[in-house]
Amino acid sequence: MSMIGLVDCNSFYVSCERVFQPRLNGQAVGVLSNNDGCLIARSNEIKALGIEMGTPAFDIQHLVGQGRIRLLSSNYELYGDMSQRVQAVLGEFSSGVEPYSIDEMFVRFDGFEPGQLLEHARQLHHKVRQYTGIPVCVGVAPTRTLAKLANRAAKKIPAYGGVCVLRAESAETRALLKRLELGKLWGVGRRLAERLAVLGFRTGWDLAQADPKRIRRQFSVTVERTVLELRGISCIEMNDFHEPRQRIMTSRSFGKLTENVDEIREAIRQHGQRGAEKLRSQGSLARAVLVFLKTNPFRDDLPQYSPSLAVELSRPTDDSREILDAAGNALQRIYRRGYRYQKGGVMLLDLIDCHRQQLSLLDTSQSDADRQRSQKLMATMDELNKRMGRGTITLGTPSPGAAWHLRCDNLTQRYSTRWEELPAARAR
DNA sequence: TGGGACTAT
DNA sequence: ATAGTCC
């Protein structure tokens with residue numbers, strides 16, 4: 001019987017910071033999202049203060065002033081590297097590791113006796129901590145949905161000691177499902193939980209008893225799959241991590257609300273270039289570009305407008321210039337005066353593999369020489385930006401004091417990926 | 001008051 | 001085109 005483990009790193013971003021700054025142990029520490037916007041990782045001490053996930057930074061700034069909490073900007077280079085280290089350790093305990101997010105990985109366990117598996121999972125739990133310094137919880141079950149449940153139990157119920165192995169149809173699984181509010185179940189959000197509650201489904205157990213066919217009719221195939229998974233029938237597969245993305249989005253809040261079209265155009269151009277870089281690094285071509293804008297939905301005193309428009313490219317391309325042209329075009333068509341915009345971004349859509357050359361055989365709009373010139377130029381830009389830092393070469397000149405720069409006031413060092421930022425050890 | 005990929009409607 | 005899901 002094949003089993004699936006979910007390994008979830010505890011307070012991941014905070015834990016990464018603590019590996020290199022042990023003095024943060026025992027302190028109330030939080031890590032903020034990009035742009036220092038809201039709280040996305042909390043130490044237990046900060047949870048104990050009753051500060052919720054997603055709290056806007058400005059709501060808790062006063063506690064920083066009082067010295068009661070520490071807030072750090074997010075350091076994705078550090079977290080990404082630590083995540084890979086955790087994955088490397090997992091690889092020694094599993095026949096297959098599937099990263100699900102930066103701090104969660106599914107791992108396959110094949111050919112274990114039930115008794116062995118618990119011991120194996122406990123070893124994995126211990127070794128990840130020992131080798132990487134990152135504390136994790138481990139949940140194991142026959143399906144990913146139940147592994148999520150097991151992981152939650154491992155995290156919340158101290159008696160499990162951070163490791164919980166569940167079998168389908170066991171009394172233990174049933175007890176946990178009965179205690180699980182539907183909104184906390186993987187794949188069921190607040191809205192869906194409300195709709196299910198109307199029909200009398202309140203707990204995970206209720207949903208596990210539902211008729212899958214009926215659920216499919218009244219909701220969707222994804223909810224039907226959840227029902228089957230709750231019963232121990234595995235039917236949710238992970239997207240292979242190595243598969244190229246099917247769409248690429250680059251977006252950011254403008255540092256302040258703005259209606260200045262020049263400022264917005266500059267931000268959109270920036271996103272278009274960044275998106276094109278991502279596109280080339282995964283070896284894809286885009287056939288369409290979508291631009292979106294958004295006003296601040298929390299400002300109900302202001303008029304709201306969230307337009308988006310997709311425009312087709314004349315041919316599949318990864319050339320930043322063609323993508324920027326299309327993006328500029330789309331922006332011009334959706335921009336309306338009289339709104340204060342909060343955020344904007346660019347999505348690259350309908351991606352295809354750049355080696356699928358048969359399209360270009362039919363494409364007479366561009367000669368081979370042109371195409372080669374484009375590729376060479378883009379490759380040179382990418383190489384320089386990679387080596388000398390992002391933004392070394394850009395198309396057009398970004399104004400230095402633009403409103404949409406990234407805010408990150410409390411950024412720590414990239415201890416594990418940059419020679420210049422290695423931590424120093426001193427003898428006492 | 002985040003950013004990104006995906007799915008559903 | 002827009003809204004909702006997850007992290």
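Here is the naming used below: chain letters follow the sequence lines, and residue numbers restart at 1 for every chain.
Residue contacts shown for Ala310(A) are limited to sugar-phosphate atoms, with no base heavy atom under 4.0 Å away. Heavy atoms of Thr250(A) sit under 4.0 angstrom from primed sugar atoms or phosphate atoms, though from no base atom. Heavy atoms of Gly345(A) sit nowhere under 4.0 angstrom from any nucleic acid atom. Contact annotation for Thr55(A): no contact, since no heavy-atom pair falls under 4.0 Å across all strands. Phe219(A) comes within contact range of the sugar-phosphate backbone alone, with a heavy-atom separation under 4.0 Å but no base atom that close. If you check every strand for non-hydrogen atoms under 4.0 Å, Pro307(A) touches sugar and phosphate atoms only.
Rounded to whole Å, the distance from CZ on Arg274(A) to P on dA5(B) is 10 Å. Per the geometry, CD belonging to Gln246(A) stands 6 Å off P belonging to dT7(B), to the nearest Å. Atom CE in Met347(A) sits roughly 11 Å away from atom C1' in dA1(C) (whole-Å rounding). The CG atom of Leu32(A) sits 11 Å away from the P atom of dG2(B) (whole-angstrom rounding). The nearest whole Å value for the distance from the CG atom in Leu293(A) to the P atom in dT2(C) is 11 Å. As a whole-Å value, the separation of Leu351(A) CG from dA5(B) C1' is 11 Å. Following rounding to the nearest Å, Lys294(A) (NZ) and dG4(B) (C1') show an atom-to-atom distance of 14 Å. Going from atom CG of Asn75(A) over to atom P of dG2(B) covers 20 Å, rounded to whole Å.
Looking at the side chain of Ser308(A), the nearest of the listed nucleotides dC7(C), dA1(C), dA5(B) is dA1(C). Closest contact between the side chain of Asn35(A) and the listed nucleotides dC7(C), dT7(B), dG3(B) involves dG3(B). Across dT1(B), dA8(B), dA1(C), the shortest atom-to-atom separation from the side chain of Val221(A) is found for dA8(B). Of the candidates dT1(B), dA1(C), dG2(B), the closest approach to any side-chain atom of Asn34(A) belongs to dG2(B). In this structure, the nucleotide among dG4(B), dA8(B), dG2(B) sitting nearest to the side chain of Lys278(A) is dG4(B). You'll find that the side chain of Arg191(A) is closest to dG4(C), out of dT1(B), dG4(C), dG4(B). Relative to the side chain of Phe58(A), the nucleotides dC7(C), dT1(B), dA8(B) differ in distance, and dT1(B) lies closest. Comparing dT1(B), dC7(C), dA8(B) by their nearest atom to the side chain of Asn296(A) picks out dT1(B).
Comparing the same atom, C1', in dT5(C) and in dG2(B) gives a spacing of 16 Å after rounding to whole Å.
Salt bridge absent: Glu229(A) and Lys148(A) never bring a charged side-chain N and a carboxylate O closer than 4.0 Å.
Look at Lys343(A) and you won't find any side-chain N or O under 4.0 angstrom from OP1 or OP2 of dT1(B). Applying the 4.0 Å criterion to OP1 and OP2 of dG4(B), one finds that Ser251(A) has a side-chain N or O inside that range. Regarding contacts with the backbone of dA5(B), every side-chain N or O of Arg247(A) stays at 4.0 angstrom or more from both OP1 and OP2. For dG3(B), the OP1/OP2 oxygens have a side-chain nitrogen or oxygen of Ser253(A) closer than 4.0 Å. One finds a side-chain N or O of Lys148(A) lying less than 4.0 angstrom from the OP1 or OP2 phosphate oxygen of dC7(C).
In this structure, the side chain of Asp81(A) does not engage the main chain of Leu78(A) through any donor-acceptor pair within 3.5 Å. Proximity of a side-chain donor or acceptor of Asn385(A) to a complementary backbone N or O of Ile393(A) within less than 3.5 Å is detected.
Annotation for Ser253(A) and Asn35(A): closest pair O-ND2, 3.6 Å, computed over non-hydrogen atoms. Minimum heavy-atom separation, Asp36(A) to Cys408(A): OD2-CA, 3.3 Å.
Between the side chains of Tyr335(A) and Glu259(A), no donor-acceptor pair is found at a separation under 3.5 Å.
Each of Val31(A), Leu39(A), Leu63(A) was scored for a side-chain contact (heavy atoms from CB on, under 4.5 Å) with Leu71(A), with one residue passing: Leu39(A).
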